[in-house]
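Notes for the one structure printed next.
Order of the sequence lines fixes the chain letters, A, B, ..., with proteins taken first and strands second; residue numbering starts at 1 for each chain.
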Amino acid sequence: MSEISKAYNPSEVEDKWYAKWVESGCFKGVIDRSKQAYSIVIPPPNVTGVLTMGHVLNNTIQDILIRRARQSGKCAVWIPGTDHAGVATQTKVEAELRKQGLSARALGREKFIQIAKKWRDKHGGIIIEQLKKLGASCDWDRLVYTLDDDYSKAVLAAFVKLFKAGYIYRGKRMVNWCPVNLTALSDEEVIMKPMKSKLYKMRYEIAGEPGRFLEISTTRPETIMGDTAVAVNPDDARYAEFVGKFAVRPFPRAEIPIIADKYVDMKFGTGVLKITPAHDAADFEIGCRHNLPVVDVMNPDATMNELAGEEFCGLDRYAARELAVKKLDEMGLLVAVEDYENNVGYSERGDVPIEPRLSDQWFMRYPKVSEAKAAVESGAIKFWPARWEKVYAHWLDNIRDWCISRQIWWGHRIPVWYRKGVENPDINNPEEVYVGVEPPPDAENWNQDEDSLDTWASSWIWPFATMGWPDADRQKELGTDFFYPTSDLVTGPDIIFFWVARMIMAGLEFMPGQMSARIPFKNVYFTGIIRDMQGRKMSKSLGNSPDPLEIIAKYGADGLRFGVMSCAPQGQDILFSEERVELGRNFCNKLWNACRFRRMAGGGADNSSLEKILARLDTSKLDADDHGILSSLLKCAEHIGRDYESYQFNSITQRLYSFFWNDFCGWYLEVSKARMEDASARETVLAVQDICLRQILLLAHPFVPFITEELWHAMGYGGEGCFIQNVSPEFAEAFDAAGLYVDESAAADVELLKDFATKARALKAQFDMGSRRDAQFCLQPADAGKAELLRANVEKLKKLVGASGFSISESGLDAPVSITSLGSLFIDLSSGVDAGAELLRLQKERDKLESAVKSTKARLSNGDFVSKAPEKVVEGARRQLEDLLAKLAEIDSLMGRLSK
RNA sequence: GGGCGAUUAGCUCAGUUGGUUAGAGCGUCUGUUUUACACACAGAAAGUCACAGGUUCGAGUCCUGUAUCGCCCACCA
């Protein structure tokens with residue numbers, strides 16, 4: 001007995017069990033066609049990343065789902081992996097190189113990739129070990145990295161297939177250019193930030209009409225040098241006379257046409273727009289419509305080039321802006337400068353404003369767009385919470401081609417080769433351009449495209465590429481036909497476009513069969529975002545992001561898991577604080593001690609199966625409390641089952657907590673104490689305790705896997721070598737088979753006894769006897785049944801309340817009283833009672849009753865209520881009124897007695 | 001400009017199809033080494049359910065509007 005410590009110590013237990021689980025291979029997704037398949041693919045974290053609270057939330061949910069699936073007898077697999085994270089990793093490695101005074105570009109592609117690989121080897125895989133600490137039960141034999149050979153081939157195969165099908169093309173387009181990372185970005189990687197900037201109002205002179213000007217507003221005077229037109233709305237009468245004439249661009253001085261285009265908003269500013277086709281996406285389109293020349297005045301790093309003129313050449317774009325304004329002012333062309341707030345697109349990784357830039361890039365016209373929409377609309381794929389369906393549909397409705405090329409080296413190089421010596425190779429001519437997963441056989445005659453693919457253009461095939469696609473043998477080996485489509489995807493709504501939507505399109509495009517067989521997953525659970533208590537996003541720079549590993553060291557992984565899940569309502573953001581983890585730690589400690597208590601009672605009972613425990617029960621010895629706790633257990637399990645179906649994880653933690661803490665420990669274990677001294681009831685009580693503890697461990701296991709595994713074995717519930725994760729939490733059928741029927745009316749009596757005990761304790765506390773164990777009570781019973789209920793439970797109640805006795809009297813006492821579920825309960829005070837204070841207290845209670853009576857009476861005297869409300873509700877109200885009136889009468893008589 | 005979410009006790013949140021006197025955890029206050037657990041036990045205080053209308057016999061719950069906060073989408077310079 002003494003070897004069981006008073007407090008649960010998670011660290012040894014957790015490491016011990018994780019090692020055993022892995023060793024036994026119980027996380028392996030070994031195909032068993034006699035079972036139902038259940039599969040999850042992990043959202044692959046960055047290979048060089050470290051565990052954040054976001055990962056904790058996300059992966060705990062996945063682990064809960066996969067463990068519940070295993071318990072439910074499904075053949076479950078959770079496929080883990082990591083992502084090479086192209087731009088993000090390249091940026092980090094480049095920064096590292098810069099510290100050493102080196103430059104990636106100078107090193108060249110081969111060298112850089114070697115260095116990046118070393119960096120990956122050094123920092124990579126840490127997060128995998130951290131996920132293990134958290135308890136994640138992934139099938140580690142299936143670990144996939146997006147730059148693995150097999151996976152890379154799949155990425156290229158997807159590219160080649162789409163190219164051949166005409167979805168992928170190369171073209172000179174306006175793209176979002178990051179001047180820091182020197183690469184194009186997709187629209188999704190641009191983050192709009194509201195900025196306080198200036199709106200410059202300036203004027204351009206009309207050519208040949210000295211003294212006549214057009215006033216123009218701009219936020220970007222540094223692009224004046226690239227202006228090739230001035231535009232007005234064709235319906236704008238103010239400017240009709242100027243259309244067809246020319247305006248004078250101040251520097252470099254040139255005459256540019258004044259054109260009319262519907263795009264121009266007459267109501268904005270002066271209604272005149274300068275057109276810079278090379279530096280603005282809208283201007284570019286207008287330029288196309290009017291055949292305007294495109295003058296690019298910037299270098300890739302957003303400094304000005306020679307076309308901007310001598311004075312500007314080499315200046316950064318913001319220095320150029322200042323200079324341009326200064327020059328305008330000097331030339332008398334600056335009319336006004338106003339404060340102005342507008343949205344500026346920022347590069348996600350570079351954290352600088354992106355520059356719209358015309359460049360040659362690869363684009364993808366998305367495949368299966370309308371089917372992707374239909375898949376979610378039809379319910380083939382369900383979103384939790386469903387409101388994300390609208391967001392998803394809206395994006396698909398407005399979808400634009402995807403820029404998939406990146407001017408970086410860390411990633412999958414575009415599998416396109418150009419024949420050496422051919423200028424402007426024709427992409428549709430196989431003699432000049434080669435597209436294939438493998439390089440051309442005569443590689444020496446070809447140059448491969450320098451660009452790499454957007455990372456998301458590799459992870460979008462994740463659900464089936466991790467199962468061996470497109471290699472038929474690998475697919476067979478890894479069980480694509482069994483595990484695909486995956487069951488649940490757990491991810492954040494921030495990547496609904498980046499990843500979720502694209503995976504759906506990829507699955508529909510590349511997998512065979514009916515729609516239901518091609519979709520990548522059946523359910524998508526969107527988590528909230530973890531924030532701090534001030535509601536701020538967790539970030540390294542704010543320093544408000546706790547290190548999950550420190551928390552695990554302090555509270556245990558189970559405590560962290562339970563704590564996080566307890567405050568993670570479906571789809572709402574989570575305000576996280578360590579107090580939540582304390583709650584989880586306390587829950588584990590309580591589990592530990594409840595089991596410790598049971599073990600201290602000993603008994604050498606056979607716990608090796610639910611049937612064996614049930615066999616120890618003498619059903620004739622079951623009392624109201626046994627029925628009560630078993631009834632609560634049944635309801636708890638049933639509710640939890642429903643909560644799983646609707647992904648209400650926080651609700652499950654509440655049910656576990658409240659059943660285990662309040663019903664089981666707070667009441668049942670306490671009333672057990674008296675009955676355990678009664679030899680005839682002892683065995684049955686211990687058996688009921690074992691049933692409850694066993695089922696609690698099973699129900700709690702997905703949330704707190706380590707401690708439940710430990711206790712499962714310590715309590716002898718598992719047979720030799722049997723892990724708790726393989727045991728079904730169902731028990732209703734076993735009850736039936738054992739002839740155990742829960743008597744709900746007996747269970748209802750427990751509620752009366754609980755109320756009675758609380759009132760009795762409150763009376764004691766009120767009269768400063770809270771710590772005394774010898775209080776004497778007297779009940780004036782509401783009826784004979786209530787008197788009998790008290791008599792049957794008097795021993796338990798003495799222990800629970802801390803009383804030396806409960807007498808029963810039809811006439812009551814002249815003493816402080818409380819109206820309980822069993823009748824008027826008097827506390828016998830040897831010293832006199834302060835009648836005044838007592839009257840005051842009763843008056844307070846009377847007021848409460850009176851207002852309840854009033855509202856109930858009002859309802860019942862309302863003819864509409866009686867005639868329209870359901871019979872059940874009306875009947876309930878009647879019973880309630882009777883009850884209230886009886887209590888009121890009691891109070892009145894007591895008050896009458898006291899005031900004598 | 002469009003869309004979505006939130007608003008319930010000091011704090012963080014439950015409240016499932018409308019139905020007794022709105023709940024929990026933390027925190028606060030009081031008491032307790034009662035034969036598992038002070039990471040505990042017992043008791044207590046604490047809410048005009050953001051606001052204004054409406055539907056209904058009945059609204060925290062449904063409808064309309066308003067306010068505040070947050071998020072997403074959007075090529076007005």
Pick the P atom in B:rA45 and in B:rG1, then give their distance to the nearest Å.
50 Å

Which pair of non-hydrogen atoms, one from A:Arg598 and one from A:Asp690, has the smallest distance, and what is that distance?
NH2-OD2, 2.9 Å

Measuring only the P atom in each nucleotide, how far is B:rU8 from B:rU48? A whole number of Å is fine.
12 Å

Are A:Lys193 and A:Tyr346 in a cation-pi contact, defined as NZ or CZ under 6.0 Å from the six-membered ring centre and within 45° of the axis?
yes

Please state the P separation for the pair B:rU61 and B:rU20 - nearest whole angstrom.
14 Å

Under 4.0 Å, heavy atoms only, any strand: does A:Arg580 hit a base, just the sugar-phosphate, or nothing?
base

Would you say the side-chain atoms of A:Asp755 pair up with the backbone N or O of A:Ser821, donor to acceptor, closer than 3.5 Å?
yes

Identify the stems formed by RNA chain B, where each pair is Watson-Crick or G-U wobble with both distances under 3.5 angstrom and a stem is at least 3 consecutive pairs.
B:1-7 with B:67-73, B:10-13 with B:23-26, B:28-32 with B:40-44, B:50-54 with B:62-66

Sugar-phosphate only, base, or nothing, as touched by A:Ser566 at under 4.0 Å among non-hydrogen atoms
nothing

In whole Å, measure the gap between the C1' atoms of B:rC13 and B:rG54 for me.
30 Å

Whole Å only: how far is the CG atom of A:Leu583 from the P atom of B:rG27?
10 Å

Using the P atom as the reference point in each nucleotide, state the distance between B:rA59 and B:rU12 in Å, no decimals.
29 Å

With sugar-phosphate taken as primed atoms, P, OP1 and OP2 and all else as base, the protein-contact string of nucleotides 56-62 of chain B at under 4.0 Å (heavy atoms; B, S, -) is -B-----

Calculate, to the nearest 0.5 Å, the distance between atoms CG and OG1 belonging to A:Asp283 and A:Thr276 respectively.
5.0 Å

Looking only at the side chains, is there a donor atom on one of A:Ser566 and A:Gln654 sitting less than 3.5 Å from an acceptor on the other?
no

Looking only at the side chains, is there a donor atom on one of A:Trp395 and A:Glu188 sitting less than 3.5 Å from an acceptor on the other?
yes

For A:Asn662 and for A:Arg585, find the nucleotide of RNA chain B with the closest heavy atom, then tell me which residue's nucleotide is more 5'.
A:Asn662

For B:rC4, does either OP1 or OP2 sit under 4.0 Å from a side-chain N or O belonging to A:Arg387?
no

Would you say the ring centroid of A:Tyr657 lies under 6.0 angstrom from that of A:Trp661?
yes

What verdict does the salt bridge (Lys or Arg N to Asp or Glu O under 4.0 Å) test give for A:Glu795 and A:Lys799, after you've listed the backbone C-alpha separation in whole Å, the side-chain angles of each residue and the deciding distance to 0.1 Å?
CA-CA 7 Å; A:Glu795 285 310 311; A:Lys799 258 188 149 44; over 6 Å; no

Atom pair distance, as rounded to whole Å: NZ in A:Lys764 and C1' in B:rU30:
15 Å

Can you tell me how far P of B:rG25 sits from CG of A:Leu656, to the nearest Å?
15 Å

What is the separation between atom CD1 on A:Ile652 and atom C1' on B:rA24, rounded to the nearest whole Å?
17 Å

Would you check if there is a donor-acceptor pair between the side chains of A:Asn176 and A:Asp187 at a distance under 3.5 Å?
yes

Within the 4.0 Å limit for protein heavy atoms, which parts of nucleotides 31-37 of chain B are touched? Write it as a string from 5' to 3', B for base, S for sugar-phosphate only, - for none.
-S-BBBB

Just the rounded figure in Å: distance from P of B:rG25 to CG of A:Asn586.
12 Å

Distance, C1' atom - from B:rU55 to B:rG65, rounded to whole angstrom:
15 Å

Aromatic A:Phe597 / basic A:Lys673 pairing, under 6.0 angstrom, 45° off normal:
yes

Heavy-atom side-chain contact between A:Arg317 and A:Pro353 under 4.5 Å:
yes

By salt bridge (Lys or Arg N to Asp or Glu O under 4.0 Å) - contacts of A:Lys267 (at least two apart):
none

Does a side-chain heavy-atom distance below 4.5 Å link A:Lys274 with A:Tyr204?
yes

Whole angstrom is fine here: how far is it from NZ in A:Lys798 over to P in B:rA42?
21 Å

Would you say the rings of A:Phe649 and A:Tyr525 are close, in the sense that their centroids are separated by under 6.0 Å?
yes

Can a donor-acceptor pair be found between the side chains of A:Ser186 and A:Glu189 at a distance below 3.5 Å?
yes

Using the C1' atom as the point on both nucleotides, what is the distance between B:rA6 and B:rG58, in whole Å?
27 Å

Identify the residue among A:Arg655, A:Lys635, A:Lys754 that makes a salt bridge (charged side-chain N to carboxylate O under 4.0 Å, His left out) with A:Asp663.
A:Lys754

Just to verify, which of A:Leu199, A:Val335, A:Leu273 counts as forming a side-chain contact (heavy atoms from CB on, under 4.5 Å) with A:Ser217?
A:Leu199

Just the rounded figure in Å: distance from C1' of B:rU12 to CD of A:Glu582.
14 Å

Span that lies between the P atom of B:rC51 and that of B:rA9, in whole angstrom
11 Å

Please report the distance, rounded to the nearest Å, between CH2 in A:Trp667 and P in B:rA42.
11 Å

What string of B, S and - do you get for nucleotides 69-77 of chain B 5' to 3' if you count protein non-hydrogen atoms under 4.0 Å?
----SBBBB

Check whether the side chains of A:Tyr555 and A:Glu578 place a donor and an acceptor atom closer than 3.5 Å, and report yes or no.
yes

So which of residues 555-565 of chain A are in contact with RNA chain B, with a heavy-atom cut-off of under 4.0 Å?
none

